[in-house]
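Down below is the structure, laid out as structure tokens.
Each chain gets a letter, A, B and so on, in the order its sequence line appears, and its residues count up from 1.
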2 protein chains.
Amino acid sequence: MAKRPATIIHVAEKARVSVKTVSRVLNNEPNVTPDLKERVLAAVEKLGYSPSKAARTMAGSRSYLLVAFNDRRLTLDNWRSERGNEWIDQMLYGAMLRCEQSGYHLMFELVDRESDQLEKQITAVLSSLQPDGVILTPPNCENPVVLGALKKRNIPFVRLNTPVRGQGPRVYMDDRAAARQATRHLLGLGHKRIGMIAGDYKFSSSIQRVETFVATMEAAGIAVPEAWVYQGDFTFEAGVAGANALLDLPEPPTAIMASNDQMALGVVSVAQARGIAVPGALSILSYDDSIGVRLSVPSLTAVRQPVARMAEKAADMLITASASGEKLTAGSQLLPFELMVRASTGPAPR
Amino acid sequence: MAKRPATIIHVAEKARVSVKTVSRVLNNEPNVTPDLKERVLAAVEKLGYSPSKAARTMAGSRSYLLVAFNDRRLTLDNWRSERGNEWIDQMLYGAMLRCEQSGYHLMFELVDRESDQLEKQITAVLSSLQPDGVILTPPNCENPVVLGALKKRNIPFVRLNTPVRGQGPRVYMDDRAAARQATRHLLGLGHKRIGMIAGDYKFSSSIQRVETFVATMEAAGIAVPEAWVYQGDFTFEAGVAGANALLDLPEPPTAIMASNDQMALGVVSVAQARGIAVPGALSILSYDDSIGVRLSVPSLTAVRQPVARMAEKAADMLITASASGEKLTAGSQLLPFELMVRASTGPAPR
DNA sequence: GACGGCGATGGGAGCGGTATCATTTAAGAG
DNA sequence: CTCTTAAATGATACCGCTCCCATCGCCGTC
């Protein structure tokens, strides 16, 4: 009763051609008579045939599969806390749809950056799935173990949103420019004491944002004491802790920028708990423009990262390279960001 | 330079056993001497070997792959509008982690319920991916075309969160009880005129919620005019339209329940625009407990669905059945929901 | 008109596993 | 000590596809 799916042999028989010719038609290879091509396509249609990915992977040099390596800790934390996972949603959105267009599939994998089995994990995924390409998201895209494993096996990869150059192709946005624009936005509003809640320094964009923040402040004639920068780990709780630390300073900042949405929301909750008016007494700025940030009260000024577009571009590069058989060029793609000015930033209290 | 991954043959050679014995060890088959088993495992470890999924799929009867069929329209709408996609996030969360535990993978697929190519789409996925099982989410889990295609090919599936019985195994919550409890909650607060913004009737839980709402109202001695029920399609915009329709009634309701989070947030935005106090003049209740609902101002009273747990259970059923080789029993799993009472529901205005 | 070259097609060898069945080995019965 | 029997192991045929190479015909060239 279990209807077995048609194979290429059935198609070949029905079209009265050889298996090889069917393969040619399916892969758009040249040198096939229109007549034969038509017969094959008709047979394919009639039998509802769709080539087995597994067989293709085994026999050929392509698997029609891309893998996205995501950070396990951050992803699980987001899922568990149910505070949304916009970065991943948008990544899936961009990459999946691009894959679909070319008959590719996207496999979502979580890797634990702290595990001493990291290389083994990666290797296992690569050899069991044999993907045609890999999309690396922060912080994996900067992890030498991950990069090394990929290079050793000569598997094409594209790094998403990393400032680190020279390690292979990447799709990114200008994080420095974003940090500069964000800092200037606050300076322009008259803020002199600005605190920053940084992200995990395993993400090098975290470091860049801090550096650029400090540099931009200094360029405006304001030295940034160490106490103004709190190092968090991208969690809501870190935002709370950072906000408390900053607001407990003898001279607390009048504005706080947080390196991602969860931490920014943590700052908001602290302000609320302490009865601090936002933006009246405290301006808050986020580096992720997710739904929580937009729905927050007040809605937060935030840097908007083109995550879906970056993912789409990354998938595009990998698929194009794999289809053409050419080696992926190490080029970088720069995508524009946007500073969404909303209600959480206002003039510094006098 | 490109390091080729080790194959079962390399392992067999290194362990000085036959290929078949390696296969036995890898699949935990009985009748292998501890001595050999150990040698094989050592070789596996040393070579960093991980069996090729593609080869296993081709040769064996399992593919170690589950597919989740999700509604294309709703998913894309959620992604595009960037209002979060909690249902899918939680589905991934539950199902993926369960898959990981058993060396399975989860493939996320979008299918267009309106397409006349629907059956062809499904068939193509099934024959190209050959999954060991399929997770169906609403409204696909009630779509006869989808169910038919699956049954024709004898592919095990589990339906998520559908009230429809007798079509195969499912994991669900008691939607009627939820609707009843939600309605009673509002009745208990003294509301007499309650409006409902229903979901797309393609989702049979939408229908159930409406029916139960009406029945519960009638049991309390209140007849529900047709105008009190607005049919939406789960989008924010539908919530806006529904709220406007309900609030424009000669005798507008003092409470509105919306069949999902997006529509509930639409209602909130209308109330805000019209200057209607929530919950002072209007109580609002949602059927999804997502981040938007929790962060909304005021935070919304909502039915909390155990999506991650349902997905985990579904994956578990499929994997267990596939591993044991037994046919999936048609049993159903009922999981508990919870009514989260928050700030958006209050006593009816006198 | 023989020959080279190229476009169009087919034949058959794998790819890396699993499944079936044969074979060897060891244990227990008579 | 032989014979039976089951456990332990191996040999080998696929699975469905792509890739390499052979073949065949047809044209143009000198």
Integer-rounded Å distance: C:dT9 C1' and A:Arg16 CZ: 15 Å

Separation of C:dT18 P from B:Leu26 CG (nearest whole Å): 7 Å

Residue pair A:Val44 / A:Leu26, side-chain heavy-atom distance below 4.5 Å: yes

Partner residues of A:Phe203 under the ring pair (Phe, Tyr, Trp, His ring centres under 6.0 Å) criterion, sequence neighbours left out: A:Phe234

A:Tyr49 side, atom OH; B:Ser127 side, atom OG - distance, nearest 0.5 Å: 8.5 Å

Flag if over 12 foreign heavy atoms under 6.0 Å of NZ, A:Lys20: yes

Identified side-chain hydrogen bond (donor to acceptor under 3.5 Å, both in side chains) partner of B:Asp316 from the options B:Arg98, B:Gln333, B:Gln101: B:Arg98

Length of the line joining A:Met58:CE and C:dG14:P, which is rounded to integer Å: 13 Å

Contact residues, residues 42-54 of chain A to DNA chain D [heavy atom, < 4.0 Å]: A:Tyr49, A:Pro51, A:Ser52

5' to 3' contact window, DNA chain D with chain B (heavy-atom distance under 4.0 Å): D:dA8 to D:dG16

Integer-rounded Å distance: C:dG16 C1' and B:Arg56 CZ: 11 Å

Side-chain donor-acceptor contact under 3.5 Å, A:Gln167 with A:Lys151: yes

Short N-O contact, A:Glu114 and A:Lys202, less than 4.0 angstrom: yes

Donor-acceptor list for residues 29-36 of chain A side chains, cut-off 3.5 Å, not counting sequence neighbours:
none

Sorted by number, the residues of residues 5-15 of chain A with heavy-atom contact under 4.0 Å to DNA chain D: A:Thr7, A:Ile8

For nucleotides 19-23 of chain C, print each protein N/O atom paired with a nucleotide N/O atom at under 3.5 Å, atom names and distance only.
{"unit_1": "C:dA19", "atom_1": "OP1", "unit_2": "B:Ser61", "atom_2": "OG", "d": "3.4"}
{"unit_1": "C:dA19", "atom_1": "N7", "unit_2": "B:Lys20", "atom_2": "NZ", "d": "3.2"}

Nearest-0.5 Å distance, CZ of residue B:Arg80 to CG of residue B:Asn85: 11.5 Å

Atom CG of A:Leu334: over 12 foreign heavy atoms under 6.0 Å: yes

For B:Tyr93, all residues meeting ring pair (Phe, Tyr, Trp, His ring centres under 6.0 Å), sequence neighbours excluded: A:Trp79

Check: A:Leu41 and A:Val25 side chains under 4.5 Å, non-hydrogen atoms: yes

Residues A:Lys152, A:Glu119; criterion salt bridge (charged side-chain N to carboxylate O under 4.0 Å, His left out); working and verdict: CA-CA 11 Å; A:Lys152 196 191 298 182; A:Glu119 168 142 26; 3.2 Å; yes

Taking only nitrogen or oxygen atoms into account, show me every contact under 3.5 Å that the protein makes with nucleotides 4-8 of chain C, one pair per line with its distance.
{"unit_1": "C:dA8", "atom_1": "OP2", "unit_2": "A:Asn31", "atom_2": "OD1", "d": "2.7"}
{"unit_1": "C:dA8", "atom_1": "O3'", "unit_2": "A:Thr33", "atom_2": "OG1", "d": "3.1"}

Non-neighbouring partners of A:Tyr104 that pass ring pair (Phe, Tyr, Trp, His ring centres under 6.0 Å), sequence neighbours left out: A:Tyr64

Angle by which the axis turns from one end of the helix from C:dG1-D:dC30 to C:dG30-D:dC1 to the other, five pairs per end, to 10 degrees: 50°

Any donor-acceptor N or O pair under 3.5 Å, side chains B:Asn70, B:Thr75: no

Pair listing, salt bridge (Lys or Arg N to Asp or Glu O under 4.0 Å) test, anchored in residues 57-75 of chain B, at least two apart: A:Glu100-B:Arg72, B:Asp71-B:Arg113, B:Arg73-B:Asp112

Any donor-acceptor pair under 3.5 Å from B:Gln130 side chain to A:Ser52 backbone: no

Of all pairs that satisfy salt bridge (Lys or Arg N to Asp or Glu O under 4.0 Å), the ones with a partner from residues 6-19 of chain A, not counting sequence neighbours: none

